[in-house]
Every structure is written in C-alpha cells, then in structure tokens.
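Data block below; observations after.
Hydrogens, waters and symmetry mates play no part in the numbers below; they use all other heavy atoms, side chains included. Numbering starts at 1 and runs along the sequence shown.
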Amino acid sequence: ARKKPIPFLPQTIGIITSPTGAVIRDMLHRLADRFPRHVLLWPVAVQGEGAAAQIAAAIEGFNRIADKTLHPDLIIVARGGGSIEDLWAFNEEIVVRAAAASAIPLISAVGHETDTTLIDYAADKRAPTPTGAAEFAVPVRDELITVMDETAHRLRGAMRLKLQHARETVEHLARAIPRPQQLVATMVQ
C-alpha cells in the first residue's frame, strides 16, 4: 500500500551507484537508446565498510534537493552482481529505512535477477538488473512516436468522417427547405 507509482516519463533521474563500474555506463547507454533524460549521479561505494551509510545519505540527499530543476522525479539505486557479502550494504537497516522513507519513487536494481536484498522490499519497484531498471524508468521514444502517429492518423480519419456526416446532414436538410425563389414565385403570379 505504501508503494509509489513510477513516473511514466521522468524529467530527471537520480542514480545512486559507483561512478567507476560498468553499471552506470550500461544504464546511461540504455537510457540514451530508449528515451534520453537528464541524469544525476550520486557516487557511492556499493560494498564494504561505510557503503550503507553512503547509500542511505544519497537517498536522503536526493530527497532534500530543493531546486526543482535538479530534484529527481525518480531514484534508481543500482549495483551489479556479486556474492551475498558484496551486496550486504543493501540489507542494512539504514539503507532500507532511507528507501522506505523516500518521497521520490525509488527503483532497486541490486545484483542480478536471482539476487534479493532487503532494499528490494522497501523500494517502490524492484528491477532484476541495473539495465532492467533503466528500462523500467523510461519508455521507448520511437514506440511512443509511432503510437502518436497512429493515433493522429485515426483522429484525422474520425474527423473526416464526422465532417462528411455533418455535410450530408446539411444537404438533406437543405433539400427539405423550399427555395426562396419558389416561395416568392407563387406570390408574384
């Protein structure tokens, strides 16, 4: 009941992950392919001592941004796969509480499809992989353009039929009304 909906087309996406791993490159590539958006990276350690505190601080930090031009519409917390020990920071209470308290919708993208951490339960959506999170975050721009073109085509066709029907109605009504010359002609005679 506490899950927030993921925005359909967020203007700004905040990503919390390591700035040096393949995860961020893969996510940025997938976002660019699907529907380019403004991305804010909050670099954190994703494993080891202090990682949990950095991740929680990043979630809270994105939520505290007051500038609406920088405030993300969506947060993705991401990390590539690894052993359960490598992913342990995402099981820490501080991270889970920060994710649950986030006013901004949050996607958890930790590990691979078979990996599960506690942040996955607190997040508004769980992605099986970081790349999957990028796919959940934005629609495919080309598909939207195709749908819009098809919708516009159907709308033009419907308007054409509506105008044709209105034109025929006016023509039928015009036939029922006598011509002014005919009305005057009998009076003139």
Side-chain angles (χ1 to χ4, degrees), residues 1-19 21 23-47 51-82 84 87-145 147-148 151:
R2 296 181 53 169
K3 304 282 186 194
K4 293 174 286 307
I6 303 302
F8 176 69
L9 188 58
Q11 292 299 311
T12 303
I13 300 171
I15 299 178
I16 300 170
T17 192
S18 170
V23 166
I24 189 64
R25 287 191 308 272
D26 291 347
M27 292 177 73
L28 291 174
H29 180 73
R30 185 56 53 100
L31 289 170
D33 282 350
R34 292 175 65 88
F35 205 120
R37 301 282 79 199
H38 181 68
V39 174
L40 296 174
L41 171 64
W42 196 300
V44 296
V46 291
Q47 72 183 56
Q54 287 183 32
I55 295 163
I59 294 169
E60 292 163 358
F62 272 138
N63 277 277
R64 281 195 308 263
I65 294 175
D67 184 350
K68 288 297 178 191
T69 59
L70 294 176
H71 192 271
D73 304 310
L74 175 66
I75 297 173
I76 299 173
V77 178
R79 189 218 189 280
I84 190 66
L87 305 178
W88 197 256
F90 300 94
N91 286 321
E92 295 288 338
E93 181 178 355
I94 190 172
V95 172
V96 176
R97 287 190 181 278
S102 177
I104 302 169
L106 188 140
I107 298 176
S108 168
V110 178
H112 296 300
E113 197 157 345
T114 57
D115 298 320
T116 303
T117 58
L118 293 179
I119 193 175
D120 295 334
Y121 297 105
D124 297 302
K125 185 155 187 76
R126 177 192 180 270
T129 63
T131 305
E135 292 173 358
F136 286 151
V138 294
V140 178
R141 184 175 189 271
D142 292 340
E143 288 176 6
L144 287 178
I145 290 170
V147 168
M148 294 298 290
T151 303

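Atom CD1 of I119 and atom CG of L106 lie 5.5 Å apart (nearest 0.5 Å). One distance of note links CD of E92 with CG of L118; it measures 9.5 Å at 0.5 Å rounding. In this structure, CG in L87 is found 8.0 Å from CD in Q47, a value given to the nearest 0.5 Å. Taken from CD in Q11 to CG in L74, the straight-line distance is 12.0 Å, to the nearest 0.5 Å.
The nearest pair of heavy atoms linking V95 to A89 is CG2-O, 3.4 Å. Across all non-hydrogen atoms, the minimal contact from I59 to A99 is CD1-N, 4.1 Å. The two atoms that bring P10 and P7 nearest to each other are CD-O, 3.7 Å, heavy atoms only. For the residue pair A133 and A109, the shortest heavy atom distance occurs at CB-CB, 3.5 Å. Closest approach of P130 and G111 over heavy atoms only: CD-O, 3.7 Å.
Among residues two or more places apart in sequence or in another chain, the side-chain hydrogen bond (donor to acceptor under 3.5 Å, both in side chains) test is passed with Q54 by none. With sequence neighbours excluded, the residues satisfying side chain to side chain contact (heavy atoms under 4.5 Å, CB included) with K4 are P105, D124. Checked against salt bridge (charged side-chain N to carboxylate O under 4.0 Å, His left out), E93 has the following partners two or more places apart in sequence or in another chain: R97. Take A32 and apply the side chain to side chain contact (heavy atoms under 4.5 Å, CB included) test, not counting sequence neighbours, and it matches no residue. F62 meets the ring-ring contact (aromatic ring centres under 6.0 Å, His included) test with W42; sequence neighbours excluded. With sequence neighbours excluded, the residues that form a side-chain hydrogen bond (donor to acceptor under 3.5 Å, both in side chains) with S102 are N63. For R37, there are no salt bridge (charged side-chain N to carboxylate O under 4.0 Å, His left out) partners, not counting sequence neighbours. Taking F136 as the reference, I107, K125, A127, P128 meet the side chain to side chain contact (heavy atoms under 4.5 Å, CB included) condition, with sequence neighbours excluded. For D120, the side chain to side chain contact (heavy atoms under 4.5 Å, CB included) partners are S108, T116, T117, R126, not counting sequence neighbours. With sequence neighbours excluded, the residues forming a side-chain hydrogen bond (donor to acceptor under 3.5 Å, both in side chains) with S18 are T20, listed by chain and number.
Listed by first and then second residue, the side-chain hydrogen bond (donor to acceptor under 3.5 Å, both in side chains) pairs that reach into residues 136-145 come to none, sequence neighbours excluded. A salt bridge (Lys or Arg N to Asp or Glu O under 4.0 Å) check over residues 63-73, counting only residues at least two apart or in different chains, returns nothing.
Within the 4.5 Å cutoff, no side-chain heavy atoms of V96 are placed close to those of Y121. Between L9 and P139 the shortest side-chain heavy-atom distance falls below 4.5 Å. A 4.5 Å side-chain heavy-atom check between V23 and R79 finds every atom pair outside the cut-off. Residues L40 and I15 are not in side-chain contact: their nearest non-hydrogen atoms beyond the backbone lie 4.5 Å or more apart.
Checking side-chain atoms of T17 against main-chain N and O of A78 turns up a donor-acceptor pair under 3.5 Å.
Of the listed residues (V138, L41, L28, I75), just one forms a side-chain contact (heavy atoms from CB on, under 4.5 Å) with I13, and that residue is V138.
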Could you walk me through whether H71 and T12 satisfy the side-chain contact (heavy atoms from CB on, under 4.5 Å) test, starting with their C-alpha distance in whole Å, then the side-chain angles of each, then the deciding distance to 0.1 Å, before giving a yes or no? CA-CA 7 Å; H71 192 271; T12 303; over 6 Å; no
For side-chain contact (heavy atoms from CB on, under 4.5 Å), just list the numbers for H29 and D33, CA-CA rounded to whole Å, side-chain angles, deciding distance to a tenth of an Å, and then say yes or no. CA-CA 6 Å; H29 180 73; D33 282 350; 3.2 Å; yes
